[in-house]
Amino acid sequence: MRRGTRFGVAVALAITLGAMLAGCVASQGGGAAGSAAEKVYVKPGEKDAYYAFLSGGHHGNIYVYGIPSCRHITTIPVFTPEPAVGYGNDEESKAMLGGYTWGDAHHPGLSETDGDYDGRWLFINDMPNARIARIDLKDFKTHQIYGPIPNISAAHACPFPTPNTEYVFAASRFSVPVPNRDVKVEDYAKDFKGIIAGIKVDPKSGEMSMGFEIQMPPFDWDLSDAGKGPSMGWQFFTCYNSEMAYDSLEIKASQNEMDYFAAVDWRAAQKAVDEHKATMVNGAPVLDPVKVKDIVYLIPVPKSPHGVDVDPSGQYVCCSGKLQAEVSVYSFAKIKAAIDAKKFDGEKMGVPTLKYEDCLEAKVPVGLGPLHTQFDGKGYAYTSLFLDSQIAKWKIGPPWNVVDKIDVYYSIGHLMASEGDTRHPTGDYVVALDKLSKDRYLSVGPTHPEAAQLIDLRGPKMELLYDFPTYLEPHYAQMIKAEKIKTFTVYPLAENNKPGNVKRAEDARIERKGNRVDVYGLVVRSHFTPDIVKVNQGDEVYFHWTNLEQDDDIAHGFGILWSSKNMQIEPGETKTMHWTAEKTGINPFYCSNFCSALHQEMQGYIEVRAKGSPQAAIVRPDAKTIADINAELAAK
Ligand code: RUQ
Ligand code: CUA
């Protein structure tokens with residue numbers, strides 16, 4: 001194959017460079033730096049042990065890294081158009097984006113089976129527009145965007161899948177009136193409501209649909225985690241602003257000694273909806289805890305908590321007040337006992353509150369500004385300390401003490417441990433996701449890259465191995481063993497039943513009905529069939545291109561001059577793009593994705609004639625073209 005030779009040269013070059021690099025590392029003379037370098041070094045041609053999925057924040061997508069090399073492998077477009085592959089340009093992805101060109105993605109959530117990552121799907125939230133996307137890990141593409149979820153305003157505590165991916169969740173960070181209507185912001189405490197939503201996930205297809213919503217007090221619902229093991233069936237949500245301030249939150253929402261986390265019995269909530277105990281609001285079944293009991297409880301947490309994290313055993317729920325120097329560890333058994341005994345000490349808008357002392361197991365003095373906690377599966381927890389710019393390692397269980405600390409650079413938010421949200425974390429690595437990189441990288445002007453740092457957990461002390469910059473702005477991330485992900489690299493043509501597909505040269509054609517023109521074409525190295533498309537001014541043209549290639553890595557592009565129209569068509573795929581013939585004249589198009597030695601020749605023309613010019617209702621390729629393509633396909 002033509003590409004074989006080029007590929008061979010590239011490999012040879014990579015091996016040479018690799019050998020040179022290895023030489024450099026060796027000449028640094030061992031020591032700490034040398035051994036750290038060895039621990040992240042993945043030889044050319046070899047692959048990483050883990051995939052890491054980093055949320056792209058207000059870039060609206062997912063960054064994929066290999067760990068331990070910390071190499072950026074790809075970026076998956078999710079909530080934001082991506083011109084190189086034409087995400088948001090072809091009709092299917094355009095419809096999925098629903099008119100939005102922005103998202104703020106915070107929390108990747110890998111699908112789970114029995115509480116372990118299963119490598120099937122990745123869910124990710126768009127906070128401001130209250131949407132959840134599902135990426136299929138067979139092709140690393142976004143296949144569904146669910147939402148905007150009705151009644152949710154800013155889905156931050158989202159999606160945090162349950163142990164068998166029964167549900168993904170969303171909760172309103174900003175309370176608003178539900179239903180939203182003409183009210184005064186001063187009537188916040190009276191008219192505004194928080195909402196927690198449980199979104200069902202189809203166990204076979206991963207398709208998301210509405211499960212239930214629960215009306216909550218108008219606090220700012222912040223983060224979430226799923227119960228597992230003994231706490232299976234429960235979902236936990238932290239909040240701040242139990243003061244119910246609507247302005248100057250920085251001061252007014254930091255008054256109370258205690259805020260809360262909510263414990264939701266999601267099976268009970270779904271049952272109540274199935275028993276028609278909900279009221280439909282904007283198409284969602286909303287449960288009101290004043291009327292429907294036994295679905296949700298509030299447990300006090302000191303000082304404006306942020307993260308809530310359930311340990312691998314499912315026995316403990318760890319919350320940390322941002323303005324406190326401790327992690328509060330709650331025992332799920334104690335919470336459950338208090339609920340069963342109805343040992344409540346009041347209620348907030350119908351939601352019973354439990355006593356702090358009744359639920360608390362331990363307080364761990366971790367340090368300043370604790371945000372999130374991860375686990376190693378060996379009995380230790382790791383809490384990020386935003387104010388101290390450190391990670392604290394502490395023992396789960398008596399004496400509940402800090403055993404190690406490591407500096408990070410700087411102002412850590414989330415941290416991600418290898419398989420860290422599962423029942424069986426692997427304890428190999430943690431990645432610090434730092435909010436500020438200050439002096440760590442070459443300056444690129446006022447906007448610094450974000451800083452991620454790979455830390456080795458395998459020794460008795462945490463060891464910083466590597467710094468890698470990321471583009472704006474990873475919040476959370478998850479890391480899964482590479483062997484769990486089974487991708488395919490071509491879409492089998494036999495299974496392509498997309499509307500508009502063309503699998504044989506004989507079926508390529510241009511059809512006209514009124515001013516709508518459908519081009520049913522095929523792409524194969526190195527031409528478009530048809531490569532001449534004749535239309536009239538004002539025609540609405542739909543190009544349906546099928547890539548007949550079945551070789552790895554042979555994607556073709558379709559870009560139209562003087563337009564924003566471009567897309568990529570992967571092997572075996574059919575994609576449709578709409579283009580309006582606005583002006584008379586000749587309008588070239590070309591393959592925008594390098595595909596062969598004759599890639600540059602892969603081009604064509606759209607001839608746009610005056611309105612009303614005579615055009616045939618159907619145009620097919622001539623016999624010679626069909627024969628040529630068939631010969632080419634037979635040779636593959
Ligand atoms: S948040 S820095 Cu958007 Cu997950 Cu904690
Ligand atoms: Cu096809 Cu370049």
Side-chain angles (χ1 to χ4, degrees), residues 2-3 54-58 84-86 103-109 124-128 154-160 169-171 173-174 220-225 237-240 304-309 319-322 369-374 383-387 389 391 408 410-416 421 431-436 450-452 472-478 521-529 531 545-549 551 553-559 566-571 573 575 589-604 632:
R2 276 184 295 241
R3 92 185 227 282
L54 280 59
S55 79
H58 43 308
V85 295
D104 190 357
H106 280 238
H107 305 113
I124 177 88
N125 65 326
D126 164 23
M127 177 177 67
H156 188 258
C158 180
F160 300 102
F169 290 88
R173 171 179 159 190
F174 301 93
D220 291 43
W221 296 93
D222 197 21
L223 275 155
S224 183
D225 199 11
F237 297 86
T238 45
C239 72
Y240 56 97
S304 304
H306 186 55
V308 49
D309 296 284
C319 296
S320 28
K322 295 182 293 254
L371 292 182
H372 298 280
T373 298
Q374 285 271 283
T383 299
S384 57
L385 304 172
F386 179 81
L387 296 177
S389 280
I391 294 173
V408 293
Y410 305 88
S411 303
I412 181 174
H414 277 276
L415 71 181
M416 138 180 81
D421 286 303
V431 172
L433 297 158
D434 306 317
K435 295 295 181 193
L436 302 175
E450 310 301 333
L472 312 176
E473 176 182 349
H475 291 259
Y476 192 37
Q478 283 188 333
L522 53 89
V523 289
V524 70
R525 278 163 287 172
S526 299
H527 50 255
F528 293 94
T529 306
D531 57 358
W545 292 115
T546 301
N547 181 347
L548 289 191
E549 310 277 0
D551 284 339
D553 209 8
I554 304 294
H556 295 285
F558 175 62
N566 176 58
M567 65 177 177
Q568 195 182 61
I569 312 116
E570 297 191 315
E573 201 180 30
K575 271 188 180 172
F589 61 87
Y590 73 105
C591 173
S592 53
N593 197 75
F594 204 103
C595 54
S596 73
L598 297 174
H599 153 79
Q600 201 72 353
E601 279 79 354
M602 194 166 170
Q603 62 181 49
E632 203 165 298

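In each ligand, atom 1 is the first atom listed, and ligand 1 is the first ligand listed.
With a 4.5 Å cut-off on side-chain heavy atoms, Q568 and H556 do not count as touching. Residues E450 and L433 have side chains not in contact (no heavy-atom distance under 4.5 Å, counting atoms from C-beta outward). Proximity of Y476 to H106: side-chain heavy atoms (C-beta onward) are nowhere separated by under 4.5 Å.
Among the atoms of H475, no N, O or S atom falls under 2.8 Å of atom 5 (Cu) of ligand 1. Contact annotation: H599 places an N, O or S atom under 2.8 Å from atom 2 (Cu) of ligand 2. H372 lies close to atom 5 (Cu) of ligand 1, since one of its N, O or S atoms is found at a distance under 2.8 Å.
Close contacts between ligand 1 and H106 involve ligand atoms 3 (Cu) [criterion: under 4.0 Å to a heavy atom]. The contact set between ligand 1 and L223, taken as ligand atoms under 4.0 Å from a residue heavy atom, comprises 4 (Cu). Interface atoms of ligand 1 facing G413, defined by a heavy-atom separation under 4.0 Å, are 2 (S). Counting atoms of ligand 1 from 1 in the listed order, those under 4.0 Å from a heavy atom of H306 are 1 (S), 2 (S), 5 (Cu). Within ligand 1, counting atoms from 1 as listed, the ones closer than 4.0 Å to a heavy atom of H414 are 1 (S), 2 (S), 4 (Cu), 5 (Cu). The H107 neighbourhood of ligand 1 comprises atoms 1 (S), 3 (Cu), 4 (Cu), with distances under 4.0 Å to a heavy atom of that residue.
Atom 3 (Cu) of ligand 1 sits nearest to atom NE2 when only the N, O or S atoms of H156 are considered.
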For this session: Show your working on salt bridge (charged side-chain N to carboxylate O under 4.0 Å, His left out) between K435 and E473 and close with a plain yes or no.
Result: CA-CA 8 Å; K435 295 295 181 193; E473 176 182 349; 3.4 Å; yes
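The neighbour count for E601 CD, taken as heavy atoms of other residues, nucleotides or ligands under 6.0 Å away, is above 12.
The backbone N or O of G557 lies less than 3.5 Å from no partner atom in the side chain of S592, so there is not a single donor-acceptor pair.
Residue M127 does not touch ligand 1, judged by heavy-atom distances below 4.0 Å.
The two residues T238 and G307 have their closest heavy-atom pair at CG2-O, 3.9 Å. Of all the heavy atoms in G413 and H372, the pair that sits closest is O-CD2, 3.6 Å.
Here the angle centred on atom 2 (Cu) of ligand 2, running from SG of C595 over to O of N593, is 110°, rounded to 10°.
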